Protein chains: 2
Amino acid sequence: MNAPALTKNQTLVFEVLEKADGPLSAYTILDKLRDHGFRAPLQVYRALEKLLEYGVVHRLESINAFVACAHPEQNCHSHGIVAFAICESCGHVMEFHDHEVDHRLMDWTRGKKFKAEKTTIEIRGLCEACAA
Amino acid sequence: MNAPALTKNQTLVFEVLEKADGPLSAYTILDKLRDHGFRAPLQVYRALEKLLEYGVVHRLESINAFVACAHPEQNCHSHGIVAFAICESCGHVMEFHDHEVDHRLMDWTRGKKFKAEKTTIEIRGLCEACAA
DNA sequence: TCGCACACGTTATAGCATAACGCAATTGAT
DNA sequence: ATCAATTGCGTTATGCTATAACGTGTGCGA
Ligand SMILES: [Zn+2]
Ligand SMILES: [Zn+2]
Ligand SMILES: [Zn+2]
Ligand SMILES: [Zn+2]
């Protein structure tokens with residue numbers, strides 16, 4: 001999905017996520033945008049829906065939070081499944097791709113004739129700094 | 001984690017999940033147990049917490065639901081990461097393990113010195129029957 | 001018998017997400 | 001220019017998911 005020009009609300013939400021040093025919940029984003037006129041969760045969720053569709057934002061299912069894509073120059077959707085390592089201490093997130101993992105999972109789904117639409121890979125634990 | 005004898009509430013919750021043909025939300029479980037005296041979400045969540053700890057139930061992060069382990073004879077925790085394919089049409093869930101995927105992810109975490117605690121792999125899409 | 005751990009019950013609250021309505025701006029034929 | 005369709009936006013209300021906080025009872029070893 002190629003991203004068309006962002007609307008005002010989409011831009012505001014995206015900028016908040018870009019500036020953040022970790023994932024944010026929809027309600028945290030809302031609070032950060034109250035000064036810009038945001039009043040209701042739907043304003044955030046509607047913007048997020050589009051940003052997710054465009055592939056410039058990812059949703060972290062295991063912590064109900066959202067993060068700006070770490071590979072803005074590439075198109076994350078185009079090179080396979082996105083995986084995340086999430087530090088449960090400092091909240092930092094690392095985004096990566098592994099084609100071998102993609103292939104193994106695709107092999108499995110093909111064998112089961114399962115039509116995969118969206119795959120989630122999230123590793124929670126402690127980053128190097130926090131594990132020390 | 002080896003499972004000690006289950007308490008009354010844990011047994012009730014586990015039986016509901018075993019009999020179900022798909023994942024259930026905590027509140028759905030609650031409704032199914034009202035006739036057995038359940039009145040509040042915490043009764044379900046507390047039982048689930050233990051069942052997850054014992055490894056006889058899994059949590060599906062991407063759909064906020066719980067499912068009985070499909071491999072009761074084995075110890076799911078003992079042979080690596082558990083992966084799920086979830087049909088978004090009929091709700092059916094397939095649970096599987098893939099050591100090669102485990103190794104690739106472990107290689108990555110080792111390289112980053114990331115201490116993995118819990119890994120989620122969930123594929124959402126359409127099962128063979130529903131994709132036809 | 002005392003202290004502790006644990007399961008349990010209840011009420012209240014916090015956190016996450018969407019339904020439903022209406023309005024305004026944009027677009028793109030006709 | 002006009003109409004219809006689409007899209008974004010704002011608001012209110014509601015629903016779903018999860019936990020905090022407090023109290024009770026029971027079993028068990030020191
Ligand atoms: Zn990305
Ligand atoms: Zn950290
Ligand atoms: Zn299992
Ligand atoms: Zn299906």
Side-chain angles (χ1 to χ4, degrees), chain A residues 1-17 20 22-54 56-67 86 88 91 118 120 122 124, chain B residues 1-17 20 22-54 56-67 86 88 91 118 120 122 124:
Chain A
M1 174 71 56
N2 236 3
L6 299 183
T7 67
K8 178 164 161 291
N9 283 5
Q10 289 161 19
T11 303
L12 287 168
V13 169
F14 183 61
E15 283 175 358
V16 166
L17 283 174
L24 300 179
S25 78
Y27 278 72
T28 301
I29 296 170
L30 173 59
D31 286 339
K32 288 180 182 292
L33 288 175
R34 289 205 187 272
D35 294 344
H36 292 76
F38 275 47
R39 311 277 312 170
L42 259 192
Q43 295 173 279
V44 176
Y45 281 109
R46 289 204 273 232
L48 285 172
E49 184 180 22
K50 290 299 182 181
L51 296 171
L52 291 168
E53 186 181 322
Y54 303 153
V56 296
V57 162
H58 299 293
R59 175 188 170 81
L60 302 177
E61 309 278 1
S62 64
I63 58 172
N64 296 320
F66 303 86
V67 67
I86 307 166
E88 293 184 301
K118 176 91 175 64
T120 296
E122 295 175 17
R124 291 182 304 301
Chain B
M1 174 72 57
N2 236 3
L6 300 183
T7 67
K8 179 163 159 292
N9 283 6
Q10 289 162 18
T11 303
L12 287 168
V13 169
F14 183 62
E15 283 174 358
V16 166
L17 283 174
L24 300 178
S25 77
Y27 279 74
T28 302
I29 296 170
L30 173 59
D31 286 339
K32 288 181 183 293
L33 288 175
R34 290 206 187 272
D35 294 343
H36 292 76
F38 273 48
R39 311 277 313 167
L42 257 192
Q43 295 174 279
V44 176
Y45 282 108
R46 288 205 273 233
L48 285 172
E49 184 180 23
K50 290 299 183 183
L51 296 171
L52 290 168
E53 186 180 323
Y54 302 153
V56 297
V57 162
H58 299 294
R59 174 186 171 81
L60 301 177
E61 309 277 1
S62 63
I63 59 172
N64 296 320
F66 303 85
V67 68
I86 307 166
E88 293 184 301
K118 175 93 175 62
T120 297
E122 296 176 17
R124 293 183 303 300

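Predicted model, so just to flag it, every value in this text is computed and none were measured. First the proteins, then the strands, lettered A, B, ... as listed; each starts at 1.
- With hydrogens and angles disregarded, a donor-acceptor distance shorter than 3.5 Å links the side chain of Glu122(A) to the backbone of Glu61(A).
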Extract from the structure each pairing of a protein N or O with an N or O of nucleotides 8-11 of chain C at less than 3.5 Å, listing the distance.
| from | atom 1 | to | atom 2 | distance (Å) |
| --- | --- | --- | --- | --- |
| dC8(C) | OP1 | Thr7(B) | OG1 | 2.9 |
| dC8(C) | OP1 | Asn9(B) | N | 3.2 |
| dC8(C) | OP2 | Thr7(B) | OG1 | 3.3 |
| dG9(C) | OP2 | Asn9(B) | ND2 | 2.8 |
| dG9(C) | OP2 | Gln43(B) | NE2 | 2.6 |
| dG9(C) | N7 | Arg46(B) | NH2 | 2.3 |
| dG9(C) | O6 | Arg46(B) | NH1 | 3.2 |
| dG9(C) | O6 | Arg46(B) | NH2 | 3.2 |

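- Between the NZ atom of Lys32(A) and the CD atom of Glu15(A) there is a distance of 13.5 Å, given to the nearest 0.5 Å.
- Mapping Ile63(A) and Tyr27(B) onto DNA chain C via the closest heavy atom, the residue that lands nearer the 5' end is Tyr27(B).
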- Message: Set out, in order, the CA-CA distance, both residues' side-chain angles and the distance that settles side chain to side chain donor-acceptor pair (under 3.5 Å) for Thr120(B) and Arg124(A), then state yes or no.
- Response: CA-CA 8 Å; Thr120(B) 297; Arg124(A) 291 182 304 301; 3.2 Å; yes

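- Taking OG1 of Thr7(A) as the reference point, atom NZ of Lys50(A) lies at 9.5 Å (rounded to 0.5 Å).
- Summarising the geometry, atom CG belonging to Leu17(B) is positioned 10.0 Å from atom OG1 belonging to Thr28(B); distances are rounded to the nearest 0.5 Å.
- For dA17(C), one of the phosphate oxygens OP1 or OP2 lies less than 4.0 angstrom from a side-chain nitrogen or oxygen of Arg59(A).
- From the 5' end on, the contacts that DNA chain D makes with chain A at under 4.0 Å to a non-hydrogen atom open and close at dG8(D) to dT12(D).
- For Tyr45(A) and dT18(C), the shortest distance from a side-chain N or O to OP1 or OP2 is not below 4.0 Å.
- Rounding to the nearest 0.5 angstrom, the gap separating the CZ atom in Phe66(B) from the CG atom in Leu51(B) is 10.0 Å.
- Note on Asn64(A): a side-chain N or O is less than 4.0 Å away from OP1 or OP2 of dA17(C).
- To the nearest 0.5 Å, atom CD of residue Gln43(B) and atom NE2 of residue His36(B) are 13.0 Å apart.
- Here the CD1 atom belonging to Ile63(A) is positioned 9.5 Å from the CG atom belonging to Leu24(A), to the nearest 0.5 angstrom.
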